[in-house]
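Numbers for residues simply follow the sequence, beginning at 1.
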Amino acid sequence: MSAPLRAWAGRRLLLGAAQVAAVPVLVFTLTEALPGDAAVALAGDDPGPARIAAIREALRLDRPAVERFADWLGDLAHGELGRSLAGGRPVAGLLADGLGPTVLLAALTLVLLVPIAVGLGMLAARREGGPLDRAISTLTLAVHAVPEFALGVLLTAVFALRLDWLPPTAVGGLGRQPAVLALPVLVLLARPVCSIARLVRAGLIEAMAAPYAVHALRCGVAPARVRWTHALPNALAPAAQQLARTADWLLGGVVVVEALFVIPGLGTVLLDAVATRDVPVVQALALLFGVVTVLLNLAADLVARRLAPRTEVAV
């Protein structure tokens with residue numbers, strides 16, 4: 001690694017560390033601004049002033065926000081995420097229960113996403129301006145315009161309800177019917193495949209038209225070697241950053257998909273926590289999503305700079 005690249009990586013790592021440190025402050029501030037009162041929600045059918053005051057005192061919600069924030073940071077420093085206000089369970093246990101289905105969905109999507117998107121992008125670039133290129137570009141643009149919820153409803157109506165090929169929900173559990181993952185993964189794949197394929201296509205066409213690629217072709221270097229060895233790494237640099245944003249979106253964006261297909265993942269945990277105003281659970285999930293976002297974008301910048309050292313990546 002060259003000295004300028006090491007210096008840039010050091011600055012980017014310091015910026016990433018500062019962003020990670022800022023996440024808890026932002027999460028606590030935003031959750032404090034949420035409307036409603038957790039004590040009122042927990043009071044249920046007996047929302048009398050005395051009961052609400054007792055709940056607030058028992059949960060230490062009557063203390064100033066600064067004190068609660070200091071206690072929360074102290075718990076985080078010791079690896080504690082607190083306890084759920086609704087059920088009293090440790091928040092770490094709730095997250096652990098929902099993490100498996102969410103990570104499984106995200107992992108399956110990413111494993112399929114990279115070869116499909118890169119393959120489509122390269123195929124369209126090699127047939128630039130031809131019928132296949134126009135067909136891929138039109139299809140990816142059309143699919144990308146469809147919201148995940150609408151696409152999920154459409155696929156469920158066709159493949160689950162009308163054709164009866166796949167189960168419509170995961171009510172019976174993922175272990176008993178793994179085929180239930182097919183429709184959620186397809187919904188999660190749809191838009192990222194389109195965006196990354198279009199990025200790879202545009203990047204590869206631009207790279208093959210660059211002076212170094214043209215000169216290599218004139219010198220008799222095989223087009224396949226120029227495409228795979230020289231052009232593709234430059235074309236993948238912006239795609240790597242988009243892939244990081246996609247991975248971040250998969251962790252937070254599965255909320256809609258999990259709700260639609262009744263999958264007991266982090267999305268379901270988040271929806272239940274918001275409905276009951278379970279602030280510790282909401283804070284823990286927001287903290288998890290925020291830290292993952294920072295780390296994924298940091299990794300994407302480093303990979304993009306490694307693939308294309310001449311590319312200026314914003315710091």
Nearest-0.5 Å distance that lies between atom [atom1] in [X] and atom [atom2] in [Y]:
X	Y	atom1	atom2	value
Trp72	Leu287	CH2	CG	5.0 Å
Leu285	Leu95	CG	CG	4.5 Å
Leu189	Leu110	CG	CG	9.0 Å

Kindly work out whether a path of hydrophobic side-chain contacts (I/L/V/M/F/W/Y, heavy atoms less than 4.5 Å apart) joins [X] to [Y].
X	Y	result
Val185	Val193	yes
Val118	Val111	no
Val158	Leu188	yes
Met122	Ile205	no
Leu163	Val187	yes

### Query
What pairs with Arg126 under salt bridge (charged side-chain N to carboxylate O under 4.0 Å, His left out), at least two apart in sequence or on another chain?
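Arg126 satisfies salt bridge (charged side-chain N to carboxylate O under 4.0 Å, His left out) with no other residue.
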Margin query: For Leu186, run the side-chain contact (heavy atoms from CB on, under 4.5 Å) check against Leu155, Leu151, Val257 and tell me which one passes.
Written below: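 For Leu186, the side-chain contact (heavy atoms from CB on, under 4.5 Å) check succeeds only for Leu155.
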Say whether, by atom type as modelled, one donor and one acceptor occur between the side chain of [X] and the main chain of [Y] under 3.5 angstrom.
X	Y	result
Thr138	Ala135	no
Thr140	Ser195	no
Arg191	Pro147	no
Thr102	Leu99	no

Is [Y] close to [X] at the side-chain level, that is, under 4.5 Å between some pair of heavy atoms?
X	Y	result
Cys194	Leu141	no
Val279	Gln283	yes
Pro24	Leu73	yes
Phe261	Thr156	yes
Ser84	Leu94	yes
Ser137	Arg201	yes

Quick one, Ile196 with Ile116, criterion side-chain contact (heavy atoms from CB on, under 4.5 Å). Give me CA distance, side-chain angles, the key distance, then yes/no. CA-CA 9 Å; Ile196 294 178; Ile116 294 175; over 6 Å; no
Should Leu132 and Leu123 be marked as a side-chain contact (heavy atoms from CB on, under 4.5 Å) after you check the CA-CA gap, both sets of side-chain angles, and the distance that decides it? CA-CA 8 Å; Leu132 184 59; Leu123 189 61; 3.6 Å; yes
Residues joined to Val143 in its hydrophobic cluster, side chain to side chain under 4.5 Å directly or through other members, sorted by chain and number, are Leu139
message: Quick test of your reading of the model: are Arg83 and Asp75 salt-bridged, counting only N-O distances below 4.0 Å?
response: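 So Arg83 does not pair with Asp75 through a salt bridge.
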*Tell me, with the steps shown, if Glu80 and Leu76 meet side-chain contact (heavy atoms from CB on, under 4.5 Å).*
CA-CA 5 Å; Glu80 295 290 337; Leu76 288 179; over 6 Å; no
Taking every heavy atom of Val282 against every heavy atom of Ala273, the minimum-distance pair comes out as CG2-CB, 3.8 Å
